[in-house]
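Just so it is clear: chains get the letters A, B, ... in the order the sequence lines come, proteins before strands, and each one is counted from 1. If you're wondering where the values come from, they're calculated on a predicted model, not measured in any experiment.
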Amino acid sequence: MPQFLEHSGTSWKGQKVKHDLSVIDKLDPRLRVIMVTLFAFVTVLSENFFVLGVGVLVGLLLALLAQLNLKRTLRRVIAMDMFMIFLVILLPFTTPGEALFTVAGVSASKAGLLHALMILLKAHAVVLSLLALVGTLSATTLGHALAHLRVPDKLVHLLLFTVRYLDVIGQEYKRMRRAMQARAFVLRTDMHTWRSIGYLIGMLLVHSVERSERIMDAMKCRGYKGRFYLFDDMALGADDYRFMALFIPLLCILVGLNFL
Amino acid sequence: MHIVDGALAVPVLAVGAALTVAGVAIGLKKMDYDHLPQVGVLSAVFFIASYIHLPIGFSSVHLILNGLIGLALGWAAFPALLVALFLQAVFFGFGGFLVLGVNTVNIALPAVMVYYLCGMGISSSSPKVAAIWGAIGGAGSIVITTVLVAFSLMLSGEAFLLAAKITFVAHIPVMIVEGFVTAAAVLLIRKVKPEFLNIKERCDAV
Amino acid sequence: MSDKPLIEVRGLSYRYPRRGLVLDKVDFHLCQGERVALTGANGAGKTTLLHLLVGLKRAKSGEIIAFGEPRNDEKSFIDVRARAGFLFQDPDDQLFCPTVLEDVAFGPLNLGKSREEALQLAMDTLASLGMAGFEERITHQLSGGEKRMITLAAVLAMEPEVLLLDEPSNALDSNARQHLIDTLQTLPQAMIIISHDADFLAQLATREVTLENAKLNPLATGTGINVISAEHEHA
Amino acid sequence: MSDKPLIEVRGLSYRYPRRGLVLDKVDFHLCQGERVALTGANGAGKTTLLHLLVGLKRAKSGEIIAFGEPRNDEKSFIDVRARAGFLFQDPDDQLFCPTVLEDVAFGPLNLGKSREEALQLAMDTLASLGMAGFEERITHQLSGGEKRMITLAAVLAMEPEVLLLDEPSNALDSNARQHLIDTLQTLPQAMIIISHDADFLAQLATREVTLENAKLNPLATGTGINVISAEHEHA
Ligand SMILES: Nc1ncnc2c1ncn2[C@@H]1O[C@H](COP(=O)(O)OP(=O)(O)OP(=O)(O)O)[C@@H](O)[C@H]1O
Ligand SMILES: Nc1ncnc2c1ncn2[C@@H]1O[C@H](COP(=O)(O)OP(=O)(O)OP(=O)(O)O)[C@@H](O)[C@H]1O
Ligand SMILES: [Mg+2]
Ligand SMILES: [Mg+2]
């Protein structure tokens, strides 16, 4: 992952990413999770370029409907691309088959190129729909949606705790890093750097665990008995049915196209 | 280390998902509600570690720290890492959605292995020995993770062989850095809050 | 006003693993209408004592009698926590909901109030502290003084009978500090106040006790020790 | 003593994304031998100003001239950080090594000292602050006052020409606070001191500036403004 992305996550508050309210935000969170899961299955399991092409278009359309912030989304998509860039570039050269062109004496096969393209399409279709449908939820709401969908209670609580501490620990990390910088610390490729960063992480863990204990105490003092309350009810409304009426047939058509 | 959607073969996805479900189930069983904050904190630290870039010559690597997380959590590393990877995938588009199972196994299984392999070592009475085991845990977990990533790729097609090999070689610097960083972190925690690495209990058990 | 103490402690001892004895057979009581200053050097064990009172830590020996009943297991302390409002040393530990309103309503909800009641109570409490208009603010983005007032609102929304305040004036600027003093002076609850700020305590406390070498010693401020002082100024 | 300022700031502005302008064309200078009190309400932007001075945050507009040279990129600020010692608001943010000695030696190591030199310097600094014997103590287990003194030692071990102190007396008990005042009074460095504690500032500062509505206003304390006051008591 490239350097310029550093800290884009540590400033995330675990709350709703700031964006303009859109049609997507009117939908029931549970529905959004289920739909994105179904959509991911349909695209990832497909081997048909037409289906995948439509899948990417659907992903783009959802992103538009969700009014995702262009710059931020682009950054995230590029970050994902970084994870597979190797894979995709190498595939044409390592897949046997009819040669299409040659680079430095190594020939690229058509089959490999198509395979690479397929991976690209699938990954982008999924990531766009995911960012649009689920990435626009606040993490807390997502946790509650998962709880309603019968994800084990402990796992949901763990998610909620993680989200709560992300910001606290992120801030703490930043403050400690600044304090190190203020003492003329510069990152280098040497033992001193690694030891210092190791200490930093160890201390961050110790602080974080102790803070987590204090937060737990504070919650107990306010009568916490293992339950979080949320002010938004989850009930399917007219918008949800309208969305389903459009989306489910679309998914069916996409599945059907595979068998043509 | 994250693999994206679309790259892996369906059987690999299925096996990954099944293993993750099993691992998470064991982890949740071993973790009681009072442990939740601690596990949540480590999950958050894993998340943040991926933003810490250390320079290596002209390039840079980011930390993964699954070794340290394993040493602290044991089986609970499975749910902790699943949650972190899920949040990364959903909110940042790191990795993918259906490969979540494979990605979790690749990162959490080494964590659990390190817990059993190096747990005794880091509670040694000599700080030097403990640091060495910490380094083995830190570097070792990355070695195992890269091997698992390479395996998941290779099982999905012959054509991925070269990519798998390159992945391994490219991560050698990460292994070195993680080794040193984990060793230092273990040294510090041993001194400052030994109960956090379960060191007391392990000593008593011996 | 009954003279039976709200909270009474007899022979309470506590030790930390590597630190040794922090509290050594401490006796203490808090009566209706009192505002007791709890002072002592850094690390004397003041915060620890408050934690013991509400059962967040468990004493190694000694008795705690709160609201007329002896308390010794988690279950009995849950009732204490509902009736004693604890303001933590660091407000960041205490604000765990995204918005102010949710945070203030968290306590009442846990006490079994309905959502409407809880929200109403939260809004009323905020208004009574002069913090109306903060309902939708994000807790993380408040200033130090604002955070302090919100945590106080969160605690007061539970309608506690006793307040336990751990260094409430820390890092507050002089306006925020005065606003806090004025607010606390109007509250009817009995309080234990930890603070290093002598002037702050002088304006609030009716008596003072000091932790030193793990022992709790009474210290006279104003006219009386162990009795409600005459200058006690709440309405 | 030269009268060229050590640190000079002209027209400095800074804004936070959701917060708006925190500093609006601020002018400021710090001369040799001065101890400037920086006051202002919670959230006025005091900490932000200090961060800007050493380049931990980057100003949107304005000039910073430190030690005779204009500073505007990361590289030039590294030199500033080596020469200006920054004491953070919360000592816990600053202590990250397991033992006191390692922590104090961290700064000198960053300045390129050898391991032996750094350790020697660390021990000397601790001794000069009356903290000899703390070398092997575990930083995390120190009391608030001790932590503060260790962070001060860590900063002084870098032999800075200027000290930037962010609420150094916070949460200190009265003994620790007085020890800190006495120590700071003997130090020759010019300082900027943020604090809400009027009495603490009265014992240390030679002049005072206040941040209000994003503007920095001078405020007279003692005899002079902008000149080294006569009561200045360091040796
Ligand atoms: N979890 C812990 N393990 C070991 N020692 C601890 C722990 N928590 C606190 N201590 C130690 O116990 C002592 C009392 O701590 P406590 O927080 O009660 O002090 P305090 O009087 O509130 O101090 P302050 O005025 O600085 O807030 C301190 O020396 C502290 O270092
Ligand atoms: N990262 C940030 N993002 C947005 N706003 C911030 C950030 N950091 C600080 N602020 C806001 O900027 C303002 C100035 O903060 P700063 O910490 O400089 O205040 P301060 O004068 O040091 O206050 P205090 O006396 O409470 O320490 C505050 O309103 C604060 O909420
Ligand atoms: Mg305390
Ligand atoms: Mg500040």
Side-chain angles (χ1 to χ4, degrees), chain A residues 1 3 6-7 9-10 12 40 44-45 76-77 79-80 83-84 86-87 90-91 94-95 112 118-119 122-123 126-127 130-131 134-135 139 152 154-155 157-159 161-162 165-166 169-170 173 187-189 191 193-195 197-199 201-206 208-209 212-213 215-216 226, chain B residues 2-7 10 24 28 31 33 36-45 47-49 51-57 60 62 65 68 79-80 83-84 86-87 89-98 159-163 166 177 180-186 188-189 192-193 196:
Chain A
M1 199 178 56
Q3 188 97 51
E6 186 172 13
H7 298 314
T10 44
W12 178 62
V44 170
L45 298 184
R76 296 197 168 150
V77 171
M80 181 199 70
F83 284 116
M84 57 175 177
F86 250 137
L87 220 64
L90 286 175
L91 260 182
T94 53
T95 310
M118 198 170 271
I119 295 179
K122 287 180 181 179
V126 173
V127 82
L130 201 58
L131 289 175
V134 183
K154 259 189 203 168
L155 204 56
H157 275 65
L158 182 61
L159 182 114
F161 269 109
T162 305
Y165 296 139
L166 259 180
I169 297 174
Y173 166 72
L187 288 175
R188 295 206 176 82
T189 311
M191 277 289 289
T193 301
W194 297 336
R195 181 175 35 235
I197 292 289
Y199 282 166
I201 285 167
M203 204 49 120
L204 187 68
L205 276 177
V206 171
S208 309
V209 167
S212 75
E213 284 163 0
I215 294 179
M216 194 66 185
Chain B
H2 305 55
I3 303 176
V4 296
D5 268 324
V10 176
V24 168
L28 287 181
M31 171 182 92
Y33 274 89
L36 268 178
Q38 192 187 340
V39 181
V41 159
L42 276 154
S43 179
V45 166
F47 196 110
I48 285 164
Y51 295 96
I52 305 179
H53 287 255
L54 297 181
I56 288 279
S60 77
H62 75 81
L65 292 184
L68 188 62
V83 163
F86 176 70
L87 290 174
V90 165
F91 291 103
F92 295 98
F94 287 8
F97 192 46
L98 293 190
F160 286 117
L161 188 63
L162 184 61
I166 289 180
V177 171
F180 282 115
V181 169
T182 307
V186 164
L188 181 131
I189 297 172
V192 174
K193 209 174 165 71
F196 181 53

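- In this structure, B:D5 contributes its side chain and B:F97 its backbone to a donor-acceptor pair below 3.5 Å.
- Side-chain contact between A:I201 and A:Y173 is absent, with no heavy-atom pair separated by less than 4.5 Å.
- No other option in A:I169, A:T95, A:I215 has as many heavy-atom pairs under 4.5 Å with chain B as A:I169.
- The shortest side-chain heavy-atom distance between B:Q38 and A:F161 does not fall under the 4.5 Å cut-off.
- Among the candidates B:L54, B:T182, B:V24, the residue making the largest number of heavy-atom pairs closer than 4.5 Å to chain A is B:L54.
- Considering only heavy-atom pairs separated by less than 4.5 Å from chain B, the leading option among A:V206, A:L45, A:L205 is A:L205.
- B:L36 touches chain A through backbone and side chain together, each having a heavy atom under 4.5 Å away.
- The aromatic rings of B:F92 and B:F47 stand perpendicular to each other, their planes meeting at an angle above 60°, with 30° marking the opposite boundary.
- A 4.5 Å side-chain heavy-atom check between A:R195 and B:F180 finds every atom pair outside the cut-off.
- Both the backbone and the side chain of B:V90 come within contact range of chain A, with heavy atoms under 4.5 Å apart.
- Judged by distance alone, with hydrogens and angles left aside, the side-chain atoms of B:S60 form no donor-acceptor pair with the main-chain N or O of B:P55 at under 3.5 Å.
- If you measure heavy-atom distances from A:V134 to chain B, the contacts under 4.5 Å come from both the backbone and the side chain.
- Side chain of A:K122 to backbone of A:V44: a donor-acceptor contact under 3.5 angstrom is found.
- Most heavy-atom pairs under 4.5 Å with chain B, from the set A:L131, A:V77, A:L158: that is A:L158.
- Ring to ring, B:F86 and B:F91 are not that close: their centroids are 6.0 angstrom or more apart.
- Residue B:I56 touches chain A through both its backbone and its side chain, counting heavy-atom pairs closer than 4.5 Å.
- Residue B:S43 touches chain A through both its backbone and its side chain, counting heavy-atom pairs closer than 4.5 Å.
- Interface remark: of the candidates B:L98, B:L68, B:I3, B:L98 forms the most heavy-atom pairs closer than 4.5 Å to chain A.
- With a 4.5 Å cut-off on side-chain heavy atoms, A:L187 and A:I197 count as touching.
- Looking at A:L90, only its side chain comes within 4.5 Å of chain B, counting heavy atoms on both sides.
- Taking the side chain as every heavy atom from C-beta outward, A:V127 and B:F94 never approach each other to under 4.5 Å.
- Of the atoms belonging to B:L161, not a single heavy atom falls under 4.5 Å from chain A.
- If you measure heavy-atom distances from A:M203 to chain B, the contacts under 4.5 Å come from both the backbone and the side chain.
- Using a 4.5 Å cut-off between heavy atoms, B:V10 contacts chain A through its side chain alone, with no backbone atom that close.
- Of the listed residues A:R188, A:M118, A:K154, the one with more heavy-atom pairs under 4.5 angstrom with chain B than any other is A:K154.
- Only the side chain of B:L65 comes within less than 4.5 Å of a heavy atom of chain A; its backbone N, CA, C and O stay farther away.
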